[in-house]
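Notes follow once the structure below has been shown.
Labels below follow one simple rule: chain letters A, B, ... track the order of the sequence lines, proteins then strands, and each chain is numbered from 1. For clarity, every value in this text was computed on a predicted model and none was experimentally measured.
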Amino acid sequence: MASGRRQYPFHLIEPKWQERWEDQKAFRAFNPGEDIPADHAFAKRHALSGAVSADQLPPKFYVLDMFPYPSGSGLHVGHPEGYTGTDILARYNRSKGNHVLHPMGWDAFGLPAEQYAVKTGQHPRISTEANVANFKRQIQSLGFSYDWTREVNTTDEKYFKWSQWIFLQLYNSWFNPETNKAESIDKLPCPEELTTEKQKREYRDSKRLAFVSHAPVWWCEALGTVLANEEVIDGKSERGNHPVVRKPMRQWMLRITEYAERLLDDLDDIDWSHALKEMQRNWIGRSEGAEVDFEIADYQDDDGNAVKLRVFTTRPDTLFGATYMVMSPEHELVSKLTSAEKKEEVEDYIAEAGKKSDLERTELAKDKTGVFIGAHAINPVNGERIPIWISDYVLATYGTGAIMAVPAHDTRDFEFAEKFELPIIQVVQPPSEDTPWQGYTDHGTSVNSTTSDLSLDGLSTSEAKAKITEWLESKKLGTKTINYKLRDWLFSRQRYWGEPFPIIWKKDEDGEPYHEALPESDLPVVPPPLEDYKPTSTGEPPLARAQEWVNLPDGSTRETNTMPQWAGSCWYYLRYLDAANEGALAGKQAESYWMGADKGAKPGVDLYVGGTEHAVLHLLYARFWHKFLYDLGCVSTTEPFFKLVNQGIILGEDGQKMAKSRGNVINPDGVVDEFGADAFRLYEMFMGPLEMMKPWSTKGVEGVYRFLGRVWRLFADDVSSRAFEQACTAEPDKAAAHLETVKLNAAIEDVEATPEQLKVLHGAIKKVTEDLDHMRFNTAISAMMVFVNEANNWEKLPTSAMKTFLILLQPFAPHIAEELWAKFDDDSGLSLPYQPWPPFDEAHLAEDEIELPVQVNGKLRDRITVSASATDEEIEKAALASEKVQQFLEGKEIKKVIIPRKKLVNIAAK
RNA sequence: GCGCAUAUGGCGGAAUUGGCAGACGCGCUACCUUGAGGUGGUAGUGGGGAGACCCGUGCAGGUUCAAGUCCUGCUAUGCGCACCA
């Protein structure tokens with residue numbers, strides 16, 4: 001326990017101001033056209049009232065936190081780290097005169113609530129509501145200036161109506177590669193050869209941005225659901241670390257791959273960290289190369305046509321070095337091409353590969369396996385017959401599912417060729433003679449690549465690529481191709497606690513099922529109540545249990561899958577703009593004001609802060625939906641989040657990751673109880689740069705807490721403070737009333753600040769302002785500490801300077817700042833959070849005399865004091881006159897004297 | 001294996017275009033107040049040396065009048081991806 005006595009009465013101050021802010025709706029943001037009460041501080045600050053158009057409103061500043069999943073264990077110190085940073089900037093911008101949008105909400109669909117429901121039979125809404133209430137209490141105890149009228153909850157049917165609405169638009173759209181954007185499915189041109197309604201329907205269904213797939217998906221037995229690629233890590237589920245297996249199932253998918261190029265290109269326009277952009281680039285995984293057709297030797301299809309095996313390669317320049325081909329075991333041509341004598345061996349291998357999980361496939365990566373299938377292909381450049389193998393090192397899901405193997409210049413092909421003793425031919429010469437060519441995969445010079453028709457020899461790798469690609473295209477043997485690692489997004493889950501799809505299933509004249517969208521007027525589709533939230537015994541999702549809900553009067557049935565948790569978090573930042581709008585996900589005016597780039601504002605969310613764990617999943621999905629909504633005309637920017645910052649992880653006091661099992665978890669409630677919300681906020685920011693990983697230190701909290709105590713004692717009168725404490729001891733239940741008896745320090749007087757005081761004050765203003773502009777919260781706090789340390793030595797404390805300091809302190813420690821501010825008679829009529837941010841005046845920082853360090857050959861030898869107006873010549877003279885300097889110059893010849901920007905003197909001598 | 005980030009006192013971290021390394025805070029030492037302790041205050045605190053001085057920003061080089069900062073090559077830690085042809 002740190003102390004018996006409090007540094008200052010934060011326990012009375014903090015609830016008092018939190019209540020007041022709520023009563024006054026102090027942090028409401030007003031949409032264009034909304035009625036602004038004349039007595040609201042925002043109205044007074046900007047001389048506005050009533051309904052105001054977007055042009056009349058001050059510039060917007062949209063500062064956003066990643067909304068939390070309200071778990072049962074409550075807030076963790078990592079959450080408020082980002083929230084405090086954004087709150088400081090929200091308050092700073094409010095003070096600067098911007099119109100701040102700073103909202104909070106709940107990403108409340110999710111597996112833990114559902115698993116709890118399975119266990120207890122209680123509807124997940126009940127536990128969700130309790131968790132939300134607890135999270136909200138904790139967040140509010142920290143004094144964040146959110147506009148709670150805009151609170152959203154993804155499980156609220158008024159909210160998920162619009163999640164379902166976006167899905168409907170995806171369902172009703174296709175991606176036109178010509179225009180590079182989504183368009184209505186009604187405008188999809190249908191090939192003429194499709195005549196029947198069924199054919200046309202199937203064609204349309206194959207083009208929708210939301211479509212049904214029967215491809216193998218990741219099935220997690222323990223979670224009872226399928227997972228997206230991105231939710232599977234090393235063959236285990238991201239949540240819970242359960243094993244997953246590959247299994248073909250009917251699933252809804254979203255065609256995110258159509259947006260790959262735009263998702264990649266537009267990264268250039270946004271202010272995200274380099275590291276984060278790289279992660280997204282890697283995930284999208286664009287690679288440029290060529291698809292090349294290899295004719296199969298001695299083989300025709302049933303119609304007597306030649307059959308071709310198509311491969312993708314990023315190194316078409318190495319085509320002459322292709323000595324064998326490899327197909328993935330799942331490749332559709334495998335069964336056709338396998339010779340009779342190899343059939344058994346090949347089938348065994350396929351069965352064996354199918355049994356392996358992906359984990360096993362990668363763990364065994366070093367040891368290549370494979371089988372020759374008894375067929376050959378013809379290398380199109382030189383007519384060589386090369387054997388075709390199958391191996392699980394070739395993935396069915398990337399490129400064409402088959403490769404040409406160039407063992408000399410590809411590590412995997414090299415390992416495979418060595419193991420199976422396949423020929424290795426050099427076709428690239430490394431730049432250095434000393435580098436062995438075997439297994440050399442970098443660029444070099446082409447060799448051994450000549451026929452009567454074509455020669456690459458002597459060309460650099462990039463020249464050779466260009467030449468061979470052109471040659472292949474001219475001979476119709478191949479085409480330039482771009483491939484992406486990004487896969488379509490698996491969008492359905494076999495869960496209860498998620499958004500139901502606005503989709504029904506019908507049967508056509510052949511008795512085959514097909515899907516149809518529900519009309520918008522049917523939204524929201526609300527999940528039915530259940531007694532049992534487990535999947536059914538046949539593996540169907542839990543919604544299938546609600547037979548009355550599933551079966552519609554006309555004989556059609558509802559889709560029983562639900563959407564993944566990402567659905568709600570993909571667009572919540574848009575709902576905040578106009579959270580109560582029942583006619584649209586966000587009104588046009590509100591959207592263009594808050595997200596638009598008018599009046600020099602940043603396009604999209606000005607600042608988005610959250611954990612790095614969402615570097616690919618949430619941030620890629622949200623960008624995809626945003627671009628889709630842009631195509632639809634629903635949003636006015638191509639990107640949702642202009643600037644994004646990842647806060648670093650906070651470690652336990654032992655330097656280890658916080659975990660219940662280690663017993664090193666810090667509970668914010670405990671810290672707030674002991675030191676107060678202001679100290680908590682201040683410490684979270686004082687620890688170090690926001691983006692860095694850093695360990696918690698209770699001693700460090702005590703340090704900033706002591707600072708706030710010094711602030712309190714600087715402003716509060718000693719005698720009345722002591723009287724207040726005694727009164728509180730005597731009448732603890734009247735403590736709040738006694739707080740009002742604390743008077744302002746008598747040393748605070750309405751006097752002119754001295755030049756020395758102005759220098760200290762403006763130094764602090766300058767440092768805090770510049771640091772806030774660059775999110776350097778830790779150094780801004782240290783600047784305020786310096787001010788307080790200085791002010792403690794002052795005999796008289798000028799009112800104006802002390803009030804200005806409180807404006808600086810307010811964003812960081814708003815409660816104590818408000819309490820002290822209230823002790824002044826302020827006639828501005830504005831509450832503290834709306835006080836104009838003080839400008840700093842460089843004139844006050846100027847000095848009459850400056851002290852300069854003098855170096856000889858780069859080593860500090862003396863300091864000299866000169867007039868601030870001294871010329872370089874005068875400074876040089878003064879420096880050379882110094883005795884100490886002369887000692888070091890003895891016997892040396894002065895080569896040069898450097899005086900850069902009057903910062904120091906360096907004498908170079910020999 | 002590939003990509004990215006980071007490396008500064010006993011600790012968290014400062015050092016804005018290359019210009020006084022260690023701001024601010026923690027811890028520690030001494031003293032004052034209190035006097036049982038804690039709180040509060042003052043002074044000191046990178047290492048070595050009695051001292052003039054010398055050495056110091058993960059390691060090794062380089063550029064420069066001047067390098068924590070720029071360049072080259074390493075090492076360690078963290079994160080991401082991982083048979084992506």
### Message
In whole Å, measure the gap between the P atoms of rA15(B) and rA7(B) for me.
### Response
12 Å
#### Entry: Distance, rounded to the nearest Å, where W283(A) contributes CH2 and rC79(B) contributes P
17 Å
### Query
Who does rU17(B) pair with, Watson-Crick or G-U, both distances under 3.5 Å?
none
### Message
When you measure from the side-chain N and O atoms of Q7(A) to the phosphate of rG40(B), is any distance below 4.0 Å, counting only OP1 and OP2?
### Response
yes
### Query
Touch check for M693(A), heavy atoms < 4.0 angstrom, all strands: base, sugar-phosphate only, or nothing?
sugar-phosphate
### Query
Quick one: does K699(A) reach the base of rC11(B) with a side-chain donor-acceptor pair under 3.5 Å?
no
### Query
Please walk me through it: do E876(A) and I907(A) pass side chain to side chain contact (heavy atoms under 4.5 Å, CB included)?
CA-CA 9 Å; E876(A) 180 174 336; I907(A) 301 164; over 6 Å; no
### Partner nucleotide, any strand, of rA67(B) [Watson-Crick/G-U, under 3.5 Å]
none
### Message
Looking at rG27(B), which nucleotide sits across from it as a Watson-Crick or G-U wobble partner, both distances under 3.5 angstrom, or is there none?
### Response
rU45(B)
### Query
How many Å lie between NE2 on H774(A) and P on rA15(B), as a whole number?
12 Å
### Message
Which nucleotide wins on minimum distance to the side chain of R901(A), given the candidates rG3(B), rA85(B), rG19(B)?
### Response
rG19(B)
### Task
With heavy atoms under 4.0 Å as the rule, sort S273(A) into base, sugar-phosphate or nothing.
nothing
### Query
Touch check for R861(A), heavy atoms < 4.0 angstrom, all strands: base, sugar-phosphate only, or nothing?
sugar-phosphate
### Task
Confirm from the modelled atom types if R6(A) and rU39(B) form a donor-acceptor pair under 3.5 Å, side chain to base only.
no
### Query
C1' atom, rU77(B) versus rG22(B): distance in rounded Å?
23 Å
## Note on the structure
Picking from rA14(B), rU16(B), rA85(B), the nucleotide nearest the side-chain atoms of P689(A) would be rA14(B)
### Message
How many whole angstroms separate atom CD1 of I284(A) from atom C1' of rC81(B)?
### Response
14 Å
### Pi-cation contact, W272(A) with R623(A) (under 6.0 Å, within 45°)
yes
### Message
Please report the distance, rounded to the nearest Å, between CD in Q647(A) and P in rA5(B).
### Response
20 Å
### Message
Regarding K419(A) and D367(A), does a basic nitrogen lie under 4.0 Å from an acidic carboxylate oxygen?
### Response
yes
### Task
Ignoring the backbone of M785(A), work out which of rG19(B), rC24(B), rU16(B) is nearest its side chain.
rC24(B)
### Message
Whether the S446(A) and D317(A) side chains hold a donor-acceptor pair (N or O, under 3.5 Å, no angle test) is what I'd like checked.
### Response
no
#### Entry: rA5(B) - base-pair partner by Watson-Crick or wobble geometry, distances under 3.5 Å
rU77(B)
### Task
Send over the distance from L852(A) CG to rG19(B) P, rounded to a whole Å.
15 Å
### Task
Using a 4.0 Å heavy-atom cut-off, write out nucleotides 65-77 of chain B from 5' to 3' as B (base contacted by protein), S (sugar-phosphate only) or - (no contact).
BS-----------
### Query
Base, sugar-phosphate, or nothing for K485(A), non-hydrogen atoms under 4.0 angstrom?
base
### Task
Can you tell me, in whole Å, how much space there is between the C1' of rG1(B) and that of rA67(B)?
34 Å
### Query
Paired with rU39(B) by Watson-Crick or G-U wobble geometry, both distances under 3.5 Å: which nucleotide is it?
none
### Task
In whole angstrom, give me the gap between the P atoms of rG49(B) and rC4(B).
45 Å
#### Entry: P695(A) vs A275(A), nearer the 5' end of RNA chain B by closest nucleotide
A275(A)
### Task
Looking only at side-chain atoms of Y398(A), point me to the closest of rA23(B), rA85(B), rG12(B).
rA85(B)
### Query
Roughly how far apart, to the nearest Å, are rC65(B) and rC2(B) at atom P?
38 Å
### First of K859(A) and M692(A) reached from the 5' end of RNA chain B, by closest nucleotide
M692(A)
### Message
With a cut-off of less than 4.0 Å, is there a side-chain N or O of T779(A) near OP1 or OP2 of rG13(B)?
### Response
no
#### Entry: Between rC24(B) and rG13(B) - C1' atom distance, rounded Å
9 Å
#### Entry: Electrostatic pair E725(A)-R722(A), nearest N-O below 4.0 angstrom
no
### Phosphate OP1/OP2 of rU42(B): any N792(A) side-chain N/O under 4.0 Å
no
### No-hydrogen, no-angle side-chain donor-acceptor test under 3.5 Å, Y349(A) and T369(A)
yes
### Task
Have a look at T314(A) and say if it touches a base, only the backbone sugar-phosphate, or nothing, with a 4.0 Å heavy-atom cut-off.
sugar-phosphate
### Query
Considering only side-chain heavy atoms of N789(A), which listed nucleotide, rU16(B), rC24(B), rC20(B), is closest?
rC24(B)
### Task
Nearest whole angstrom, please: distance from the C1' of rG3(B) to the CD of Q280(A).
15 Å
### Query
Partners of F420(A) by ring pair (Phe, Tyr, Trp, His ring centres under 6.0 Å), sequence neighbours excluded?
W389(A), F416(A)
### Separation of the P atoms in rG27(B) and rG12(B), to the nearest angstrom
15 Å
### Residues that T257(A) engages under side chain to side chain donor-acceptor pair (under 3.5 Å), provided they are two or more places apart
D488(A)
### Query
For E770(A), which contact category applies under a 4.0 Å heavy-atom criterion: base, sugar-phosphate, or nothing?
base
### Query
Can you check the W696(A) CH2 to rG25(B) P distance for me, whole Å?
19 Å
### Syn or anti conformation of rG46(B), syn meaning chi within 90° of 0
anti
### Message
With a cut-off of less than 4.0 Å, is there a side-chain N or O of N778(A) near OP1 or OP2 of rA14(B)?
### Response
yes
### Query
Can you name the salt bridge (charged side-chain N to carboxylate O under 4.0 Å, His left out) partners of E261(A), sequence neighbours left out?
R286(A)
### Query
Rounding to a whole Å, what distance do you find between L395(A):CG and rA85(B):C1'?
9 Å
#### Entry: For F805(A), ring pair (Phe, Tyr, Trp, His ring centres under 6.0 Å) partners two or more places apart
F787(A)
#### Entry: Integer angstrom distance from the C1' of rG61(B) to that of rA23(B)
32 Å
### Task
Working to the nearest 0.5 Å, report the span between CD of Q7(A) and CZ of F707(A).
12.0 Å
### Query
Do any of residues 706-718 of chain A sit with a heavy atom less than 4.0 Å from RNA chain B, and if so which?
R706(A), R710(A), R713(A)
